[in-house]
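Notes follow the structure.
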Amino acid sequence: MRTHSLLFRLGSAAAILIALALALAGFGLWLIFNQEIERRATNELDQIVKFVAAQVRIEADGSPVVDGAPADQRFETPYGGLYWQVSTRDGQRARSRSLWDTTLPDPKDALDGRRHVTDLQGPTGAPLLAVVQAITVAAPDGKDVPLQVIAAIDRADLAAARHTFLRLLAFSLIALGLLLIGAMAIFLRLALRPFDHLGHGLKAIRAGESHALAGTFPDEVQPVVDDLNRLIQFQRTAVERARRQAGDLAHGLKTPLTVLGALARQASEDGRDDIAQSIDGEVHQMRRQVDRVLARARANAGPTLGGKTVAVKPVAAKVVRAFERLAEDKMLRWVVNVAPDARFPGAEDELTEILGNLLDNACKWARSEIRLTANVSEEVLDLCVDDDGSGLSAEQASQIGRGQRWDETQPGTGLGLAITRDLAEARRGSLALVRSDLGGARAHVRIPLDPIA
């Protein structure tokens, strides 16, 4: 997909925004989960502290004893990850079996009677989250004995829960992201579908299959469609007007030129050859200029919206048959190789004139063979006419480009290739004259298949 594509830009922006939104949502959920798991663990430890505090009593020797332990298997498993401990100020302790042969350190700042949440170092050096509560219990002699109750949980258990949650969260966000990207892709396709219809309509107009954009478009696109239809109609009207004016000009000039030719013949019959030759030369020059100007006008009016394309193969066959009959005395060998998909983006008469001029020039110089090839590569039509004549130099090729002749011994005005160049350039194409591999000259015409792009 091209980077200048609207679908690519909107899709990329949507994907980036979706990824950013999911990342922020994931980070927020992660923070919320961390706070919630800490809160739940603290509440659980607080309940354990209250349970142990309710079960503790003081023996006659002043040692604390817990009559009933909390019902959690981790308290019975050595280093099981969940611990409780009751201690007096003189260092006597009661503890869960999970502490085994170790004790929890007594936080000195937790003797103010309030509950404290703190971090402690547990068995094997593992970090613990602990809740510490200072209480007083009556001894057998009636005195109140201050005690410190600690409930703690291994932070590795909390880390395992976080890891499990993070894995599930990542999988869920990735699945949600893919689902959102798929939904966004479908949405963008549906949103941009009117532009696809617009593009297909314009292609149909360029191919000559339609003369206007048809169909129903959304309100946001319909004004553009209406303006394009008005522009297409305006151009078609302008082109038709230009063609009629060119035809009128041609007909308007034919009569004066015919009259001047008749006057030249009359002067010649009267013995005034100098005047006849002068008039005849001027008429000849005027005809050349008129032919070229009219060819230019017709070519410049050609590349329009709605112009048809023409298959090259049947036109080439027809033109070659005509030249075969005209050049029967030269016994030329004609080689025609035209690709079936080769099409000319213009009118048939333009293609006929281009091929006619190229083949006419080749017939003048060919000794035994003329080769016509046509193919399409990278949306460009290539027309090549080769002959096995004497060839031409770079200076002679430049003379042809200016509409001149380089050999007065051959018939013709030398204007055909210049007109061909005009016709090609009117469609953003070109005419190149180089040496052919047959030994003579090659006339190479390149014309883009979409001349109004």
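Computation of the quantities below employed the complete heavy-atom set of this structure, encompassing side-chain atoms and omitting hydrogens, waters and symmetry-equivalent molecules.
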>> Walk me through whether Thr42 and Arg115 qualify under side-chain contact (heavy atoms from CB on, under 4.5 Å).
In response: CA-CA 11 Å; Thr42 301; Arg115 190 191 73 165; 4.0 Å; yes
Search all heavy atoms of [X] against all heavy atoms of [Y] and return the closest pair with its distance.
X      : Y      : value
Ala311 : Leu351 : O-CD2, 4.3 Å
Gly26  : Leu173 : CA-CD1, 3.5 Å
Leu431 : Leu358 : CD1-CD2, 4.4 Å
Leu158 : Ala41  : CD2-CB, 3.9 Å
Asp387 : Leu438 : O-CB, 3.6 Å
Val117 : Leu129 : CG1-CD1, 3.8 Å

In residues 334-345, what donor-acceptor pairs under 3.5 Å come from side-chain atoms, sequence neighbours left out?
{"unit_1": "Arg343", "atom_1": "NE", "unit_2": "Thr309", "atom_2": "OG1", "d": "2.9"}
{"unit_1": "Arg343", "atom_1": "NH2", "unit_2": "Thr309", "atom_2": "O", "d": "3.0"}
{"unit_1": "Arg343", "atom_1": "NH2", "unit_2": "Thr309", "atom_2": "OG1", "d": "3.4"}

In Å, rounded to the nearest 0.5 Å, how long is the span from [atom1] of [X] to [atom2] of [Y]?
X      : Y      : atom1 : atom2 : result
Ile153 : Leu120 : CD1   : CG    : 13.0 Å
Asp349 : Ile354 : CG    : CD1   : 10.0 Å
Met184 : Leu179 : CE    : CG    : 11.0 Å
Glu350 : Thr420 : CD    : OG1   : 11.5 Å
Leu231 : Asp226 : CG    : CG    : 12.5 Å
Trp365 : Asn361 : CH2   : CG    : 8.0 Å

Under 3.5 Å, is there a donor-acceptor pair between the side chain of [X] and the main chain of [Y]?
X      : Y      : value
Arg435 : Gly439 : yes
Arg371 : Asp386 : no
Asn229 : Leu213 : yes
Asn357 : Glu353 : yes
Tyr79  : Thr77  : no
Ser96  : Tyr83  : no

> Are there more than 12 heavy atoms of other residues, nucleotides or ligands under 6.0 Å from atom CD of Glu38?
Replying inline: yes
> Does atom CZ of Arg40 have more than 12 heavy-atom neighbours from other groups under 6.0 Å away?
Replying inline: no
>> For Leu355 and Val315: C-alpha separation, side-chain torsions, deciding distance, then whether side-chain contact (heavy atoms from CB on, under 4.5 Å) applies.
In response: CA-CA 9 Å; Leu355 294 177; Val315 178; 4.2 Å; yes
pair [X]-[Y]: side-chain heavy atoms closer than 4.5 Å:
X      : Y      : result
Thr373 : Leu383 : no
Trp30  : Arg162 : yes
Ile370 : Cys363 : yes
Ser430 : Val445 : no
Asp119 : Leu128 : no
Arg193 : Arg189 : no
Phe75  : Ile48  : yes
Pro70  : Trp84  : yes

> Run the salt bridge (Lys or Arg N to Asp or Glu O under 4.0 Å) check on Asp360 and Lys364 step by step: do they pass?
Replying inline: CA-CA 7 Å; Asp360 180 59; Lys364 295 174 184 177; 3.5 Å; yes
> Does a donor on one side chain sit under 3.5 Å from an acceptor on the other, for Asn43 and Gln47?
Replying inline: no
> Thinking salt bridges, do Glu44 and Arg39 make one under a 4.0 Å N-O criterion?
Replying inline: no
> Charged N to carboxylate O under 4.0 angstrom, Arg446 versus Asp382?
Replying inline: yes
>> Could you go through Asp157 and Arg74, starting from their C-alpha distance and side-chain angles, then the distance that decides it, and tell me whether this counts as side-chain contact (heavy atoms from CB on, under 4.5 Å)?
In response: CA-CA 12 Å; Asp157 293 345; Arg74 287 177 292 177; 3.8 Å; yes
> Checking side-chain contact (heavy atoms from CB on, under 4.5 Å) for the pair Leu168/Phe165: CA distance, chi angles, key distance, verdict?
Replying inline: CA-CA 5 Å; Leu168 293 176; Phe165 174 78; 5.7 Å; no
> Who pairs with Asp154 by side-chain hydrogen bond (donor to acceptor under 3.5 Å, both in side chains), at least two apart in sequence or on another chain?
Replying inline: none
> Yes or no on salt bridge (Lys or Arg N to Asp or Glu O under 4.0 Å) for Glu324 and Arg333, after CA distance, side-chain angles and deciding distance?
Replying inline: CA-CA 9 Å; Glu324 285 177 336; Arg333 179 173 176 265; over 6 Å; no
